[in-house]
> 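Quick one: the structure is below, questions incoming.
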Amino acid sequence: MIGIFPVFSQQLTYCNPINLDYGYTPIPNFAEWGRHRATADPVIVNYKGDYILFSTNQWGYWTSPDLYHWTFHSRFFLNPWNQVYDELCAPAVGIKGDTVLVMGSTYEPDFTIWMSTNPLANEWEPLVEKFEIGGWDPDFFTDDDGRLYMYNGSSNRYPLYGIELNSNTLNPIGTRKEMYLLEPWRYGWQRFGEHMDNTFLDPFMEGAHMTKHNGKYYLQYGAPGTEFSGYSDGVVVGDSPLGPFTPQSDPLSMKLGGFARGAGHGATFQDNQGNYWHVSTIMISVKNTFERRLGIWPAGFDQDDVMWANTAFGDYPHYLPATDKPGAFTGWMLLNYGKPMQVSSTLGSYTANKANDEDLKTYWSAKTGDAGEWIQSDLGEVSTVHAVQINYADQDVAANRLGKYNDQYHQYVLKYSEDGKNWKVLKDKSKNHTDVPHEYIELKSPVKARFIRLENVHMPTGEFALSGLRVFGKGAGQAPEKVNGFVVLRTEKDKRSAFIKWQPVDDAYAYNIYYGTAPDKLYTSIMVLGNNEYWLKTMDRMKDYYFTIEAINENGMSEKVATLKVQ
């Protein structure tokens, strides 16, 4: 095992969005609709067995030994002559030998490239004081032969670019070359807009990241827009680091449905056991376009060297790397979607069921942030509870909350009951002094409960508000029956699109649609909640597709239907 791990209580699972002490947007005009937490554009590197995470505008970075326990390191990387709000926007993080390299996005010739051989101790120094060629959304990649490359680009007009750098001086070798430009005429998922219709802008591509596997080069990129559910990472594949490249038809990572949507502008890395993971951006985009969070998805390469990331049940509990099932879904189902909720008070239209409607964009808010405000979820029947996720929302956040605050915290008491009268404590964090905006509680032993009650003790700022009180485990009944009448109607007018319908299953609260360009490569999934139809607009117009579907309820998943081929 690489590295020395501190002692923690054994944690087997995690749940997206990952629970980081996210900073608030530092840009005043981005906060005019309300102060809010925001970050995006993450990159994780494995450095000597520890994971280092940088993302946009956090005034520092995180490290972790296990992808669950994260420690924040405060650090400003801008120099006095960098007169911008963006403190490391969409940073590049690379490793060359035993050195970590870091640089933020810039169009100017005066950003510093920083270096560290001891990032856990927050020790950094300039490697290149002013990197003259700059680059927005940069990425550093060191090849097996020691040669160093940089990729960059963020535009709805221009492609991604790549260039080799002198591995000692970091001076450019030659000039930048074009790597790839979007082709929305062919790939439906690359179209701009929530409905992928290119309504008012052309699609953006950004967020380059390079991964090498089995002698091939996988250049990843984010598209078509960060504020949309379809924000995804695509990938093009080549035999050399500067191309030429051939696109994979479907995104590497896409998460169109469910609680936390979006999986774009990210990075791929390996854990200490050699498994691949992909970290990327989750959209909220309510108080500002750039209100976002981060998610981590299992990833890898199949026997044909096709790169994939698995976002199926991507916001449900999954196993961490240091387990015997790294990246696997636990099988713990959501127990309280749309079920009855009771609350201590309600602020305006922020009503109770917005805390369990499986939409990160909506939330319930109490009238105050005072101790004693509470919310209670009725699971409908006594169930086996394995985990609870508490997703706090930003409502009436203090006006001074711009940037990172390291001294704030949440305190609460979580209780459970079988009858709604006799209560036991599930988790007491009334003395907590950490910031846990997306708290995830994995129980050491499951409990039997019908009611889950969260009582506020202290909010760091604003009202007691939740975008999701999510209870995971197993119900007391049977998994749903297999779906009948599954049809995929691909349009002749535009073969990037299809209308999908199926017969409702009476006891299902959701469905997972799986599809891909081969029957054994159904790598893209979409969770559809409370509906029996879906308008799909993501396909490669030049390829045949294969589809299947499963029904979902509190007790498990149905058998998938036989795979359909759609031409």
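Quick note: residue numbers are just sequence positions, from 1. Treat the numbers as computed from the prediction; the structure is a model and nothing was measured.
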> Taking side chain as C-beta onward, heavy atoms only, is I133 less than 4.5 Å from P109?
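Not touching, per the 4.5 Å side-chain cut-off.
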> Is a salt bridge present between K212 and D144, judged by a nitrogen-to-oxygen distance below 4.0 Å?
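Between D144 and K212 there is a salt bridge, with a charged N closer than 4.0 Å to a carboxylate O.
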> Is K521 salt-bridged to D250, cutoff N-O under 4.0 Å?
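D250 and K521: not salt-bridged.
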> Take W124 and Y61 through the side-chain hydrogen bond (donor to acceptor under 3.5 Å, both in side chains) test and state the conclusion after the steps.
CA-CA 12 Å; W124 298 86; Y61 60 98; 3.0 Å; yes
> Using the rule given for side-chain contact (heavy atoms from CB on, under 4.5 Å), can you reason through L148 versus F141, listing the C-alpha separation, both sets of side-chain angles and the distance that settles it, and then say yes or no?
CA-CA 6 Å; L148 179 65; F141 167 69; over 6 Å; no
> Is there side-chain contact between S525 and T311, with at least one heavy-atom pair below 4.5 Å?
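They are in contact (side-chain heavy atoms under 4.5 Å apart), so the answer is yes.
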> Picking from T538, T548, T563, what satisfies side chain to side chain donor-acceptor pair (under 3.5 Å) with Y515?
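The option that passes is T538.
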> Less than 6.0 Å separating the ring centroids of Y350 and Y363?
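Yes, they do, as the ring centres are separated by less than 6.0 Å.
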> Assess whether ring pair (Phe, Tyr, Trp, His ring centres under 6.0 Å) is satisfied between F131 and F111, documenting all intermediate values.
CA-CA 6 Å; F131 185 60; F111 260 41; over 10 Å; no
> Partners of E358 by salt bridge (charged side-chain N to carboxylate O under 4.0 Å, His left out), sequence neighbours excluded?
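Per chain and number, E358 pairs via salt bridge (charged side-chain N to carboxylate O under 4.0 Å, His left out) with R470.
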> Side chains of V306 and W308: does their closest heavy-atom pair fall under 4.5 Å?
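No, every pair of side-chain atoms sits at 4.5 Å or beyond.
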> Would a line drawn from the ring center of F245 to the ring center of Y180 be shorter than 6.0 Å?
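No, too far apart.
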> Using side-chain heavy atoms (C-beta onward) and a distance below 4.5 Å, is S467 in contact with F259?
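A side-chain contact exists here, since the closest heavy-atom pair is under 4.5 Å.
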> With side chains defined as the heavy atoms from C-beta onward, is the minimum distance between R292 and T39 less than 4.5 Å?
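They are not in contact (no side-chain heavy atoms under 4.5 Å apart), so the answer is no.
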> Can D239 and K216 be counted as an ion pair, charged N to O under 4.0 angstrom?
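No, this pair does not count.
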> Salt bridge (charged side-chain N to carboxylate O under 4.0 Å, His left out) with K495: which residues, sequence neighbours excluded?
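Per chain and number, K495 pairs via salt bridge (charged side-chain N to carboxylate O under 4.0 Å, His left out) with E492.
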> Centre of W185's six-membered ring, under 6.0 Å away, within 45 degrees of the axis: is that where NZ or CZ of R496 sits?
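Checked: cation-pi criterion not met.
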> So, do H73 and T63 sit near enough that their side-chain heavy atoms are less than 4.5 Å apart?
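Yes, their side chains come closer than 4.5 Å.
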> When you check the gap from the basic side-chain N to the acidic O, do D494 and R191 get nearer than 4.0 Å?
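Yes, D494 and R191 are salt-bridged.
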> Report the C-alpha distance between R37 and D435 in whole Å, list the side-chain angles of each, state the deciding distance to 0.1 Å, and finish with yes or no for salt bridge (charged side-chain N to carboxylate O under 4.0 Å, His left out).
CA-CA 12 Å; R37 297 178 190 258; D435 190 12; 2.8 Å; yes
> For the aromatic rings, using the six-membered ring if either is Trp, is the centroid distance between Y221 and Y151 under 6.0 Å?
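No, too far apart.
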> Considering only NZ, NE, NH1 and NH2 on the basic side and carboxylate oxygens on the acidic side, decide whether K255 and D233 come within less than 4.0 Å.
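The answer is no: the pair does not qualify as a salt bridge.
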> Are the charged groups of R35 and D394 less than 4.0 angstrom apart, N to O?
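No, this pair does not count.
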> Could you work out, with salt bridge (charged side-chain N to carboxylate O under 4.0 Å, His left out) as the rule, every residue matching D359, not counting sequence neighbours?
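Partners of D359 under the salt bridge (charged side-chain N to carboxylate O under 4.0 Å, His left out) test: R261.
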> Looking at Y149, is R147 sitting on its ring face, NZ or CZ under 6.0 Å from the six-membered ring centre and within 45 degrees of the normal?
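Negative - R147 is either too far from the ring of Y149 or too far off its axis.
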> Have D271 and Y276 got a donor and an acceptor in their side chains that come within less than 3.5 Å?
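Result is no, nothing qualifies.
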> Are Y440 and I18 side-chain neighbours, meaning at least one heavy-atom pair lies under 4.5 Å?
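The answer is no, as the side chains (C-beta and beyond) never meet within the 4.5 Å cut-off.
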> Test side-chain hydrogen bond (donor to acceptor under 3.5 Å, both in side chains) on S249 and K543 and set out the steps.
CA-CA 8 Å; S249 292; K543 295 287 185 70; 3.1 Å; yes
> Is any side-chain heavy atom of M283 less than 4.5 Å from a side-chain heavy atom of L360?
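When only atoms from C-beta onward are counted, L360 and M283 do not touch, as no gap falls below 4.5 Å.
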